[in-house]
Visitor: 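Just dropping this structure here.
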Amino acid sequence: MARQIGCSTIDAEAIVAAELMAKDLPPSQEAARTAGAAIPLGASAQKIIARFAENGGRCSDYAGVIDLLRQS
């Protein structure tokens with residue numbers, strides 16, 4: 001099943017583009033704050049993925065994020 005997400009047509013079953021991850025993480029962090037839950041790993045992931053997406057990785061998936069972390 002392919003769908004348009006702004007980068008290109010992707011296989012929605014096989015990949016989640018960084019631009020979608022970056023869009024979805026802030027609401028989850030807000031929901032956790034509202035519930036009084038601390039999820040520091042989620043906060044770190046949000047920062048890493050947002051930085052990755054803003055710096056040319058928005059159409060890449062988790063593998064691209066992993067490559068970024070390996071380079072750090």
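None of these values were measured; they are calculated from a predicted model.
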Visitor: Check side-chain contact (heavy atoms from CB on, under 4.5 Å) between L41 and all other residues, then give those that pass, not counting sequence neighbours.
Guide: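 With sequence neighbours excluded, L41 shows a side-chain contact (heavy atoms from CB on, under 4.5 Å) to no residue whatsoever.
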Visitor: Kindly compute the distance separating CG (L69) from CZ (F52), expressed to the nearest 0.5 Å.
Guide: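 If we round to the nearest 0.5 Å, L69:CG and F52:CZ are 9.5 Å apart.
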Visitor: Not counting sequence neighbours, list each pair that qualifies as a salt bridge (Lys or Arg N to Asp or Glu O under 4.0 Å) and has a residue in residues 27-43.
Guide: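 Sorted pair list: E30-R33.
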Visitor: Among residues at least two apart in sequence or on other chains, which ones pass side-chain contact (heavy atoms from CB on, under 4.5 Å) with A32?
Guide: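 So A32 forms a side-chain contact (heavy atoms from CB on, under 4.5 Å) with A37, I39.
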Visitor: Quick one: pull up CG in L25 and CD1 in I49 and give me the separation to the nearest 0.5 Å.
Guide: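 Atom-to-atom, L25:CG and I49:CD1 are 5.0 Å apart.
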Visitor: As an exercise, state the distance from CE of M21 to OG of S28, rounded to the nearest 0.5 Å.
Guide: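 Nearest 0.5 Å value for the CE-OG distance: 12.5 Å.
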Visitor: What residues, two or more places apart in sequence or in another chain, satisfy side-chain contact (heavy atoms from CB on, under 4.5 Å) together with A53?
Guide: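 Result, side-chain contact (heavy atoms from CB on, under 4.5 Å) vs A53: A18, A22, R58.
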Visitor: Applying a strict under-4.5 Å side-chain criterion to I, L, V, M, F, W and Y, I'd like to know whether Y62 and L20 cluster together.
Guide: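 Yes, it is one cluster - the side chains of Y62 and L20 are joined through contacts under 4.5 Å.
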Visitor: Does anything in residues 41-52 form a salt bridge (Lys or Arg N to Asp or Glu O under 4.0 Å)? List the pairs, not counting sequence neighbours.
Guide: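 Not a single pair qualifies under salt bridge (Lys or Arg N to Asp or Glu O under 4.0 Å).
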